[in-house]
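One structure is given below, encoded as structure tokens.
Since the structure is predicted, the reported quantities are computational estimates derived from the model, not experimental observations.
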Amino acid sequence: MEMNVIDAKMLQKMFIAGAKNLEAKKEWINELNVFPVPDGDTGTNMTLTIMSAANEVGAIQEPTMENVAKAISTGSLRGARGNSGVILSQLFRGFTREIKKYDEINVEVLSRACVRAVETAYKAVMKPKEGTILTVAKGMADKSCELLGQSDDLSYVIDEVIKHGDYVLSQTPEMLPVLKQAGVVDSGGQGLMVVMKGAYDALLGKEIDYTLETTGSSSGSMVMDELPLDEADIKFGYCTEFIINLDKPMSEKEESSFKDFLESIGDSIVLVADDEIVKVHVHTNQPGEAFTRALTYGSLSRMKVDNMREEHHERLIKNAEKMAAQQKAEEEQAKADEPKKKYGFIAVSVGEGLDEIFKGLNVDYIISGGQTMNPSTEDILNAVDKVNAENIFVLPNNKNIILAANQAESLVEDKNLIVIPSKTIPQGISAMIGFIEDSTPEENKEAMTESMSYVKTGEVTYAVRDTVIDDKEIKEGNIMGIGDEGMLAVGEDIADTTVEMIQAMQDEDSEIVSVYYGEGMSGEDADALAEKITEVLPELEVEIYPGGQPVYYYIVSVE
């Protein structure tokens, strides 16, 4: 059946279907990781990004092109995780900027929106690489332009665009040698095709379950409602959630006033305002009062009230109330007494030992994450809110988090957010050591960036599949030593492979080797490794630290 236009209601269905298709296939996409390490995360990052937007899109009761476009753009922007997630959010951002001007999408509008999506995404990446999700998106945009004038049938055009996208995806190993060596296509490009195919299924009218599971947090982070109740300080007994369908856009003054009211009757408040709807979450003892006040702004939908006290002893509740009140009073007093600092620091870290090292270097706030779970732009923004400083340095400590940090930098208005593009934990540590209190923010950015440039990083883990990388044959279960530029060592023994990796990293200027051992290794294992390093490389000083990181037996720096 020929289809000449897509209206807002159909777009809403197509987007949710694309998101759910990605969610269902995320583990398969994770397995397309170039390096066969047990931390493939592209599918997870893209899923968390798109589901953040899908929950916003699914909440719309009366879809219009403008409100669906805004939900897609803002939801994915704030929920973006990892490079793949940030690029996906930028594709959505560009696409929706074009379509929101129309009531319906035809072939011409679709083509212009695809081109704008690609232009926006390419601008967001400082050094775009071909053979990635960007290439796949550009191939589909080019195909949509090529088809202009050939047919007005969107079902035909989109099918042809998807076929061409699959072809471009199949060619990504020819564009990036590392993909060819690993025997995989680009995982981000594959994720984009999965979204496209899910959306196309909805357009064709295939039976799809559009039910979305709400998580209570668009960023995927754990909130109080997701904690076991015996771990939560319960002061207010009713978890109350609802959506206000606004009669008119809520002004900043009205939004502030409504928040103040909610704070007067409860806590754990989440309020997200858009032009058409407001999402509200509050813990309160008077859910009726929350509903009554909300009705002054518009009609209510998706109302939900859960009694959090039902399964708990009264004494537990009283103790929790007392502790919560005391803690809140202490925190409020401390915040009131604390002057604004000139400098603050945020670091992404994973592992108790590494967290303690950063805290010892005066990092104010640790975002838990890294290779296995990339923090989102929103996670970084939330951390910025908690650091009381005029200038805040952010250390992503992972190349897959830098784009999300840069995106946060562009969204912060009341503080000077400075991203130091650290790609590894050792680089982040070195950057902190390079900080000078009396220097200007610009001077410190330069000094910290220069300081981390002297650090070489190596990571030791195990292979989850057979492959060939950098001309090294790898079997499932092998130990791998991965450096800044690629595979440095492959072997059967953890210590021997680590030493071989360090040999490949060191040069005539190298002086110090720092070894951070992971959660699967003991201090005795690390000491034995240090002895082996000293035997083979006696000219190097070896320092051992507990890192506690998952996945990687050792993280090593050579300076």
Side-chain angles (χ1 to χ4, degrees), residues 7-16 19 50-79 89 92-93 95-104 210-219 223 225 238-284 286-306 378 381-382 385 411 413:
D7 61 15
K9 190 172 183 180
M10 175 54 73
L11 179 64
Q12 182 185 42
K13 287 183 177 181
M14 291 174 70
F15 187 80
I16 293 172
I50 198 171
M51 291 308 293
S52 172
N55 285 324
E56 299 294 326
V57 172
I60 298 174
Q61 300 297 308
E62 297 181 6
T64 65
M65 199 62 72
E66 187 174 358
N67 64 25
V68 172
K70 184 172 183 179
I72 292 172
S73 180
T74 58
S76 61
L77 181 70
R78 295 192 69 87
S89 74
F92 290 151
R93 188 181 185 192
F95 188 87
T96 55
R97 277 179 172 175
E98 188 64 32
I99 64 168
K100 70 180 182 180
K101 299 182 289 186
Y102 305 93
D103 293 329
E104 296 177 323
Y210 293 99
T211 305
L212 291 166
E213 294 183 10
T214 56
T215 63
S217 172
S218 64
S219 68
V223 295
D225 293 343
Y238 296 94
C239 175
T240 307
E241 296 179 321
F242 54 92
I243 288 175
I244 308 173
N245 304 297
L246 295 171
D247 294 333
K248 61 180 181 179
M250 181 178 281
S251 67
E252 289 185 10
K253 184 176 180 181
E254 287 174 324
E255 184 178 341
S256 178
S257 174
F258 188 36
K259 283 182 179 177
D260 289 342
F261 170 76
L262 293 175
E263 287 176 352
S264 73
I265 65 168
D267 64 7
S268 297
I269 295 160
V270 177
L271 189 152
V272 180
D274 207 338
D275 290 343
E276 293 83 17
I277 64 168
V278 178
K279 290 177 62 179
V280 180
H281 169 284
V282 60
H283 291 178
T284 179
Q286 295 91 28
E289 291 188 21
F291 291 145
T292 300
R293 179 62 176 265
L295 283 167
T296 63
Y297 302 108
S299 61
L300 304 187
S301 62
R302 300 179 71 171
M303 296 176 286
K304 184 169 81 76
V305 178
D306 293 325
E378 186 170 17
L381 291 172
N382 290 338
D385 288 340
L411 296 172
E413 297 178 353

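- With sequence neighbours excluded, no residue satisfies salt bridge (charged side-chain N to carboxylate O under 4.0 Å, His left out) with K9.
- The shortest distance between side-chain heavy atoms of I60 and Q12 falls below 4.5 Å.
- Considering only heavy atoms from C-beta on, F15 stays 4.5 Å or farther from V68 through its side chain.
- Closest approach of I243 and A59 over heavy atoms only: CD1-CB, 3.6 Å.
- Side-chain atoms of N67 never come within 3.5 Å of backbone atoms of P63 as a donor-acceptor pair (strictly under, hydrogens ignored).
- Going from atom CG of L77 over to atom NZ of K70 covers 12.5 Å, rounded to the nearest 0.5 Å.
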Report, one line per pair, each donor and acceptor closer than 3.5 Å where one atom sits in a side chain of residues 286-301; sequence neighbours left out.
unit_1 : atom_1 : unit_2 : atom_2 : d
T292   : OG1    : G288   : O      : 2.9
R293   : NH2    : S257   : OG     : 3.1
T296   : OG1    : R293   : O      : 2.6
S301   : OG     : N245   : ND2    : 3.3

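- A donor-acceptor contact shorter than 3.5 Å is absent between the side chain of S73 and the backbone of A69.
- Side-chain contact between T240 and V280 is absent, with no heavy-atom pair separated by less than 4.5 Å.
- Looking only at distances, a side-chain donor or acceptor of T96 sits under 3.5 Å from a matching main-chain atom of R93.
- Listed for the E254 side chain is a donor-acceptor partner under 3.5 Å among the backbone atoms of S251.
- Considering only heavy atoms from C-beta on, I50 comes within 4.5 Å of F92 through its side chain.
- Ring pair F242/F258 is tilted by interplanar angle, where 30° to 60° counts as tilted.
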*Please walk me through it: do E255 and K259 pass salt bridge (Lys or Arg N to Asp or Glu O under 4.0 Å)?*
CA-CA 6 Å; E255 184 178 341; K259 283 182 179 177; 3.6 Å; yes

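- In the displayed structure, D7 atom CG is contacted under 6.0 Å by more than 12 heavy atoms of other residues, nucleotides or ligands.
- Closest approach of S89 to S76, counting heavy atoms only: CB-O, 3.4 Å.
- D103 has its side chain out of reach of M65: every pair of non-hydrogen atoms, C-beta onward, lies at least 4.5 Å apart.
- Atom CE of M51 sits about 8.5 Å away from atom CD1 of I16, to the nearest 0.5 Å.
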